[in-house]
Amino acid sequence: MEISVLLGTITKNSRKTEMFKFIIKRLGRYVVLLFMATSMTFFMASWFMHPRSNYESRTPRPPQPSIERSLNNANLNDHTNIFVRYWRWLTGVVTRWDWGMTPDGQRVNTIMAPRIVASTELVTLATILSILVGVSLGVYTALRQYSWKDNFWTGLASVLMCIPTPVIAILLIFFFININTMSGKTIFYVTGLSSYTGDNPFFWFLDFCQHIFIPTLVLTIVGSVGYHISQRTYLMDEINSDYVRTARMKGLTRNQAIRRHALRASFIPTAVSIAFSIAGVFTGATLTESMFGIEGMGKYFVTALAKNDIYGTVAYMAFGGVTTLVGALLADIVAALLDPRIKMS
């Protein structure tokens with residue numbers, strides 16, 4: 001008895017050590033990958049974007065010395081060697097966490113900070129709801145395979161999957177605008193995340209809920225459809241596997257075999273996709289933010305491209321790379337925790 005307990009303790013400690021080494025090794029690789037990807041984005045953005053045109057297209061056109069001075073101040077002058085500009089920018093990021101300036105002289109750090117908050121507020125709740133609703137429906141329909149309930153929910157999911165996100169958003173906007181019209185007051189807002197200017201936290205929260213309800217509903221519908229279809233497929237594959245049939249032959253009921261064995265195995269690929277969805281929480285939902293007038297990261301990226309904002313584009317891609325790599329690391333860890341057969345080495 002003591003020997004078995006000792007062996008179990010040694011195994012757990014060994015697995016913790018493997019996990020720690022795995023995380024450190026992956027983090028080292030990810031830092032190198034992120035540096036290379038961010039540097040490549042800098043050179044590509046500098047090659048294809050032309051901040052000089054932002055000044056030359058103005059009416060009246062600024063004097064040439066003024067244009068050169070503005071570009072030099074922002075480290076965007078294309079007459080300066082690109083490697084010199086890159087070194088200045090990289091030094092600023094490493095030593096001062098300064099991601100550069102936009103062509104009109106604003107700090108990228110100052111612009112991005114509130115937009116990260118806005119995207120997080122918008123997408124976090126929708127992501128949680130879409131996971132809960134989608135996975136639950138996937139399990140529910142898989143356990144009732146080919147029944148009318150399965151056919152109804154799976155058919156509805158297939159239809160919604162074929163409808164583009166802007167179309168779903170427009171339909172919901174029209175629906176809730178009609179509710180506002182019939183009620184004679186504004187219950188749901190269509191643009192922005194807030195319009196309350198007072199100091200009462202209760203009224204601020206109520207106003208926030210009125211603004212975020214429709215975009216959250218849009219993102220929840222779009223996200224839950226994917227989780228529903230994938231979880232249903234994974235669970236149905238596991239239900240028909242040999243080890244589930246063996247468990248039932250040993251005396252377990254169908255629901256017991258599914259709950260103890262199939263459900264856990266089927267959740268591994270779903271958990272991996274959930275981990276990767278972390279990137280979307282912080283980088284925003286471009287179409288939804290644009291349609292609802294929310295100043296989040298997704299909308300900022302589109303604006304940065306349109307305005308030849310080199311450093312804004314690079315900062316967005318670097319931030320998206322960090323969140324994606326964090327999601328990849330969490331996906332590996334979650335898969336290893338759910339399936340002991342996976343070796344961290």
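Computed over heavy atoms, backbone and side chain alike; hydrogens, waters and symmetry mates excluded.
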With a 6.0 Å cut-off (strictly less than), is the heavy-atom count around [atom1] of [X], excluding the residue itself, greater than 12?
| X | atom1 | value |
| --- | --- | --- |
| Tyr196 | OH | yes |
| Asp199 | CG | no |
| Met36 | CE | no |
| Met49 | CE | yes |

Worksheet entry | side chain to side chain donor-acceptor pair (under 3.5 Å) contacts in which one or both residues fall within residues 148-168, not counting sequence neighbours | Asp150-Thr154, Asp150-Arg232, Thr154-Arg232
Worksheet item: For Phe43 and Phe83, what are the C-alpha separation, side-chain angles and deciding distance, and is it a ring pair (Phe, Tyr, Trp, His ring centres under 6.0 Å)?
Response: CA-CA 9 Å; Phe43 288 109; Phe83 293 102; 5.6 Å; yes
4.5 Å side-chain heavy-atom contact, [X] and [Y]:
| X | Y | result |
| --- | --- | --- |
| Leu143 | Ile239 | yes |
| Glu56 | Ile67 | yes |
| Gln145 | Met236 | yes |
| Ser195 | Asp207 | yes |
| Ile294 | Thr288 | no |
| Leu329 | Tyr30 | yes |
| Glu295 | Pro114 | no |
| Ser224 | Leu129 | no |

Looking only at heavy atoms, what is the nearest atom pair of [X] and [Y], with distance?
| X | Y | answer |
| --- | --- | --- |
| Phe292 | Ala169 | CE1-CB, 4.1 Å |
| Tyr227 | Ser273 | CE2-OG, 3.7 Å |
| Ala315 | Met112 | CB-SD, 3.4 Å |
| Thr220 | Thr216 | OG1-O, 2.7 Å |
| Ala157 | His228 | CB-ND1, 3.5 Å |
| Ala304 | Gly312 | CB-C, 4.4 Å |

Worksheet item: Under the 6.0 Å and 45° cation-pi test, does Arg144 pair with Tyr140?
Response: yes
Item to complete: Output, in order, the C-alpha distance, side-chain angles, deciding distance and verdict of side-chain contact (heavy atoms from CB on, under 4.5 Å) for Tyr300 and Thr286.
Response: CA-CA 8 Å; Tyr300 172 66; Thr286 303; over 6 Å; no
Worksheet entry | Between Ser39 and Tyr86, a side-chain donor and acceptor under 3.5 Å | yes
Worksheet item: Can a donor-acceptor pair be found between the side chains of Asp237 and Ser266 at a distance below 3.5 Å?
Response: no
Indicate yes or no for a side-chain donor-acceptor contact from [X] to the backbone of [Y] under 3.5 Å, with no hydrogens or angles considered.
| X | Y | answer |
| --- | --- | --- |
| Asn77 | Asn72 | no |
| Asn75 | Arg85 | yes |
| Arg61 | Ser57 | no |
| Ser119 | Ile116 | no |
| Ser136 | Val133 | no |
| Thr80 | Leu76 | no |
| Thr124 | Glu121 | no |
| Asn308 | His50 | yes |
| Thr41 | Val314 | no |

Item to complete: Mind running side-chain contact (heavy atoms from CB on, under 4.5 Å) on Gln231 and Phe267 for me, showing each step along the way?
Response: CA-CA 7 Å; Gln231 182 60 42; Phe267 191 67; 3.9 Å; yes
Is it the case that one hydrophobic cluster holds both [X] and [Y], taking links as side-chain heavy atoms less than 4.5 Å apart, direct or via other members?
| X | Y | value |
| --- | --- | --- |
| Val93 | Met40 | no |
| Tyr234 | Val272 | no |
| Val218 | Val159 | yes |
| Tyr146 | Ile229 | no |
| Ile163 | Phe175 | yes |

Fill in: Residues forming a side chain to side chain contact (heavy atoms under 4.5 Å, CB included) with Leu217, sequence neighbours excluded
Leu172, Phe176, Phe213, Ile221
Once you round to the nearest 0.5 Å, how far does [atom1] of [X] lie from [atom2] of [Y]?
| X | Y | atom1 | atom2 | answer |
| --- | --- | --- | --- | --- |
| Thr303 | Glu289 | OG1 | CD | 10.0 Å |
| Leu90 | Phe35 | CG | CZ | 5.5 Å |
| Met44 | Thr313 | CE | OG1 | 11.5 Å |
| Ser230 | Leu235 | OG | CG | 11.0 Å |
| Ser194 | Leu206 | OG | CG | 12.5 Å |
| Gln210 | Thr186 | CD | OG1 | 8.0 Å |

Fill in: Worked check of side-chain contact (heavy atoms from CB on, under 4.5 Å) between Leu34 and Leu325
CA-CA 8 Å; Leu34 186 63; Leu325 293 177; 4.1 Å; yes
Worksheet item: Would you say the ring centroid of Trp97 lies under 6.0 angstrom from that of Trp99?
Response: yes
Practice prompt. Please check if the distance between the ring centroids of Phe208 and Tyr189 is under 6.0 Å.
Written response: no
Fill in: Test log, rule side-chain contact (heavy atoms from CB on, under 4.5 Å), inputs Ile310 and Trp89
CA-CA 11 Å; Ile310 294 176; Trp89 168 79; over 6 Å; no
Practice prompt. Could you check Ile168, Val167, Ile173 and say which one makes a side-chain contact (heavy atoms from CB on, under 4.5 Å) with Leu171?
Written response: Val167
Discussion item. If the threshold is 4.0 Å, N to carboxylate O, is there a salt bridge linking Glu68 and Arg52?
Written reply: yes
